[in-house]
Participant: 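Just passing along the structure, written as structure tokens.
Residue numbering restarts at 1 for every chain, and letters A, B, ... go by the order of the sequence lines.
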Amino acid sequence: MQLISVPVGARRGPLEGAVGRSIMPYCRLIEGRYNGVLQFIPIVREGKTMATAYEQTYLYRLRHSAAHLMAQAVTELYPGAKLSIGPPVENGFYYDIEFETPLREEDLASIEKRMKELSKLDQRIERTEVSRDDAKALILDESIPGMGPAVAEYKLQLLDAIPEGEAISFYDQKRTDREGVHHRFLDLCRGPHVDTTKEIKHFKLMSIAGAYWRGNVKNKQLTRIYGTAWESAEELEAYLHMLEEAKKRDHRILGRELQLFMFSSKVGTGLPLWLPKGATLRDVMVDFLKKEQVKRGYDPVVTPNIANIKLYEKSGHVVNYRDKMFPFMQDDEDEIYILKPMNCPFHIEIYASQMRSYRDLPIRYAEFGTVYRYEQSGEVAGILRARGFTQDDAHLFVTPEQLQDEFVGVVDIMRTVLQKLGLNDFRMRVGTKDPSSDKYVGHDDNWEAATKAITDACDKLGLDYEVSPGDAAFYGPKLDLIIKDALGREWQMGTVQVDYNLPERFELEYIAEDGKPHRPIMIHRAPFGSLERMIGLLTEQYAGAFPLWLSPVQVAVLPIADRHAEPAHELAHKLRELIFDTRNVRVSVDDRRETLGKKIREAQLQKVPFMVILGDKDLENGTVGVRSREDGDLGAMPVEEFIRRFLTG
RNA sequence: GCCGAUGUAGCUCAGUGGUAGAGCAGCUGUUUCGUAAACAGCAGGUCACCGGUUCGAAUCCGGUCAUCGGCUCCA
């Protein structure tokens with residue numbers, strides 16, 4: 001198999017003892033990034049290549065073969081279709097094909113039907129290794145289904161991309177029909193595959209998408225057909241069921257049901273409106289982080305939402321992201337302003353506004369800064385990818401000697417955040433420079449130093465991370481937190497970046513002990529990343545049932561009859577006086593003339609952690625009926641006991 | 001931005017060329033109730049928008065917009 005080498009030890013951690021499931025995301029991640037050719041980055045640990053683990057599973061081969069089976073069906077039904085690549089991916093497979101006429105979703109049914117028929121024909125799948133010349137001849141051989149000069153475009157390119165000395169193999173799906181005629185379907189592929197098409201039984205074609213050839217926007221867009229395949233009907237069923245369930249925890253659906261946020265086409269795409277409950281959630285998160293930041297010596301700053309474009313020309317953002325900025329504004333003096341897409345230049349201006357001494361450093365400026373980025377329309381996804389969002393941003397200005405400790409401190413705050421939010425299914429990625437790209441600014445030694453600062457700090461902290469070339473910011477390498485959403489899609493959350501370049505561009509200085517000016521280093525960091533994205537993610541992780549400290553409403557007081565409404569409000573006042581986790585307890589009272597059952601049902605659907613029921617018996621005895629979101633009816637108890645239970649979480 | 005799909009009442013959805021429907025939510029009235037939906041009535045829609053075909057369009061055709069699944073991208 002073809003490998004791309006990465007430094008030994010570069011990828012670690014999540015792959016501990018990894019086989020199958022935990023490796024799949026990596027295969028998926030890497031495939032399509034480097035290629036054109038079916039390539040997977042090897043997973044390297046302690047000098048040993050482990051990448052083949054998933055490839056060696058039966059499921060991987062089954063899905064790979066399912067892709068071939070689909071290709072066979074497609075070449076029969078659409079003779080002019082040009083095949084390109086068709087790898088297995090997490091949960092299934094796809095094949096990228098160029099069609100002469102656009103494929104519609106309703107066409108999938110007939111392709112799937114033909115696949116079922118072809119599967120039953122019990123075609124043997126055989127590997128043949130051939131020379132480069134023979135391979136070319138086969139690809140151009142019109143007598144073989146799916147081959148011939150008319151449809152060879154991509155396969156020939158794939159063949160060319162196979163390095164000298166590496167085996168060139170085809171997989172042949174063969175059968176002989178009742179009349180004794182031989183049939184075959186041949187595809188250039190390094191395999192491996194299952195033994196016969198008969199094994200491919202439990203699959204379903206899922207969707208159509210456009211995908212650029214070799215993942216490059218400049219290339220032609222091919223039609224990608226996604227399918228899922230499993231070893232048993234039960235597994236297929238379970239997977240489809242899981243997708244249905246995942247939809248129910250989609251943050252966009254829960255966001256509406258729980259009245260957290262909304263969108264309006266009258267406002268604009270990707271511009272969320274935060275409703276009272278969602279805004280409360282934001283406040284709670286902001287309070288929490290502010291408190292952590294105060295403990296760690298951060299200073300708050302506040303900066304405007306627009307700025308003169310010159311500021312961003314100087315920082316380099318305009319060159320790199322002009323098309324991702326909202327349209328520019330011009331004032332009477334012909335000065336051009338932009339909606340701010342980044343907070344850093346503002347913080348830099350504040351730093352540069354005075355002479356700084358080494359005694360002042362480190363300086364840590366923190367701001368919940370709302371930024372606006374004109375994301376491509378196809379990218380916007382609820383609050384996970386919005387055009388207006390708030391970063392929990394901070395910039396640290398440090399001396400070279402302080403860099404290591406400050407970086408460690410920043411990673412520590414990120415860990416505190418993760419722990420508090422209850423997030424434990426994530427991975428860390430060190431995004432480094434892609435040597436083949438020219439979008440990066442600054443000197444190589446600075447890049448090296450910054451990258452080393454990150455990896456050293458991670459090693460020191462025993463943090464598991466992987467290195468991903470090409471995922472750096474244009475001004476510096478970064479450490480990103482990556483988390484999956486309900487549908488298994490990965491999102492970049494918190495981030496830490498070491499930056500030598502912006503201080504240079506803005507000629508930042510501090511006076512050191514030697515009495516001479518020196519250049520500080522900047523650390524950019526945002527533990528949540530964006531409040532929007534983090535809340536979207538949390539909503540999905542908890543399926544809307546937020547932990548007590550985060551819940552927008554923590555207690556719903558439910559009076560049984562009208563005469564209990566007043567005592568219910570009194571109880572609510574009393575509870576609101578309490579402090580839980582630094583904030584006053586959030587209480588609602590449902591004093592509508594509805595049955596208790598209905599009030600309970602609605603509070604439960606709103607995922608309120610505690611319901612407190614108040615009726616005649618309670619007023620007589622000084623008790624309340626307590627019901628928890630998780631455990632249901634807890635029975636009557638004195639008010640004080642409820643408070644005690646509540647405060648202990 | 002590109003490929004594919006979807007837009008009917010606040011929400012979930014019926015309705016394939018002939019007078020716009022249901023449940024929930026809302027409003028009014030009755031019921032004052034002890035752990036997941038009381039009962040009755042009323043009101044609510046330019047069928048996303050614009051244009052076309054037709055005697056007649058939610059329905060057929062074209063365009064636009066929004067949303068969803070991907071691709072690419074995310075300072």
Side-chain angles (χ1 to χ4, degrees), chain A residues 32-33 94 96 99 102-108 206-213 215-226 243 247 250 252-253 256-257 262-266 268-270 312 315-321 323-325 340-345 371 373-382 384-387 389 391 439 471-476 478 480 487 489 491-492 495 497 499 502 524 529-530 533 558-565 593-605 611-618 625-628 632-636:
Chain A
R33 159 154 302 191
Y94 68 78
D96 284 351
F99 286 88
L103 194 71
R104 289 160 308 164
E105 221 146 82
E106 56 193 273
D107 299 325
L108 293 182
M206 304 296 285
S207 63
I208 292 178
Y212 301 104
W213 169 235
N216 189 334
V217 210
K218 288 174 193 146
N219 291 340
K220 188 176 283 184
Q221 193 168 51
L222 309 179
T223 302
R224 174 172 297 180
I225 306 174
Y226 276 100
L243 285 182
K247 257 186 222 164
D250 186 312
R252 290 164 293 202
I253 292 169
R256 181 172 56 231
E257 285 175 0
M262 59 172 279
F263 288 94
S264 163
S265 56
K266 295 185 184 82
T269 296
Y312 287 93
S315 71
H317 287 104
V318 175
V319 187
N320 281 287
Y321 293 102
D323 55 338
K324 296 279 176 65
M325 291 173 174
K340 83 166 157 187
M342 282 291 278
N343 300 302
C344 21
V371 296
R373 299 178 184 177
Y374 196 80
E375 306 287 3
Q376 295 187 70
S377 59
E379 287 303 342
V380 176
L384 288 181
R385 187 81 179 263
R387 282 181 174 164
F389 59 95
Q391 293 178 316
K439 78 167 183 177
D471 276 320
F474 74 87
Y475 50 75
K478 55 183 187 155
D480 292 328
L487 290 171
R489 297 176 296 200
W491 300 88
Q492 178 194 310
T495 182
Q497 298 157 15
D499 179 8
L502 290 181
H524 308 237
S530 103
R533 185 172 281 184
L558 311 179
I560 288 174
D562 283 353
R563 63 182 175 281
H564 310 123
R593 294 184 64 176
E594 294 288 354
T595 58
L596 180 62
K598 181 155 185 167
K599 293 178 183 181
I600 287 171
R601 177 182 158 79
E602 291 185 6
Q604 187 73 38
L605 291 174
M611 290 162 240
V612 167
I613 291 133
L614 206 60
D616 289 334
K617 278 189 272 178
D618 298 298
V626 178
R627 190 184 164 92
S628 99
D633 190 2
L634 300 180

Participant: Between the base of rC71(B) and the side chain of Arg224(A), is there a donor and acceptor pair under 3.5 angstrom?
Facilitator: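 Side chain to base: no pair below 3.5 Å.
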Participant: Hey, does Lys266(A) reach any base, or is it just sugar-phosphate, or nothing, if we go heavy atoms under 4.0 Å?
Facilitator: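 Result for Lys266(A) = nothing.
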Participant: Under 4.0 Å, heavy atoms only, any strand: does Gln492(A) hit a base, just the sugar-phosphate, or nothing?
Facilitator: sugar-phosphate
Participant: What pairs of nitrogen or oxygen atoms, one from the protein and one from nucleotides 44-51 of chain B, lie under 3.5 Å apart?
Facilitator:
none

Participant: Reckon Asn216(A) touches a base, only the sugar-phosphate, or nothing at all at heavy-atom distances under 4.0 Å?
Facilitator: nothing
Participant: If you look at every strand shown and take non-hydrogen atoms under 4.0 Å, does Lys439(A) touch a base, only sugar-phosphate, or nothing?
Facilitator: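 Touches sugar-phosphate only.
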Participant: In terms of the angle between their ring planes, are His524(A) and Tyr475(A) parallel, tilted or perpendicular, with boundaries placed at 30° and 60°?
Facilitator: parallel
Participant: Say we look at rG15(B) and rC73(B): how far apart would their P atoms be, to the nearest angstrom?
Facilitator: 41 Å
Participant: For nucleotides 63-69 of chain B, just jot down a letter per nucleotide in 5' to 3' order: B, S or -, based on protein non-hydrogen atoms under 4.0 Å.
Facilitator: ---SSSB
Participant: For the side chain of Asp616(A) and the base of rG34(B), is some donor closer than 3.5 Å to an acceptor across the two?
Facilitator: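 Answer is no: no donor-acceptor pair is held.
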Participant: How many whole angstroms separate atom CD of Glu105(A) from atom P of rG70(B)?
Facilitator: 12 Å
Participant: Identify which nucleotide among rA38(B), rA36(B), rC11(B) has an atom closest to any side-chain atom of Ile600(A), counting heavy atoms from C-beta outward.
Facilitator: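 Of all the options, the side chain of Ile600(A) is nearest to rA36(B).
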Participant: Among residues at least two apart in sequence or on other chains, which ones pass salt bridge (Lys or Arg N to Asp or Glu O under 4.0 Å) with Asp562(A)?
Facilitator: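 Scan of Asp562(A) (salt bridge (Lys or Arg N to Asp or Glu O under 4.0 Å), adjacent residues dropped) gives Arg593(A).
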Participant: Taking the same atom, P, in rC74(B) and in rG51(B), what whole-Å distance lies between them?
Facilitator: 41 Å
Participant: Could you tell me how far apart Asp96(A) (CG) and rG4(B) (P) are, to the nearest whole angstrom?
Facilitator: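 Whole-Å distance recorded here is 14 Å.
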Participant: Once hydrogens and angles are ignored, does a donor-acceptor distance under 3.5 Å link the base of rG4(B) to the side chain of Tyr226(A)?
Facilitator: no
Participant: When rounded to the nearest Å, what value does the distance between C1' atoms of rG41(B) and rU31(B) take?
Facilitator: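 Result for the C1' pair: 15 Å, nearest Å.
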Participant: Indicate, with a heavy-atom threshold strictly under 4.0 Å, whether Arg563(A) touches base, sugar-phosphate, or nothing.
Facilitator: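 The residue Arg563(A) makes sugar-phosphate contact but no base contact.
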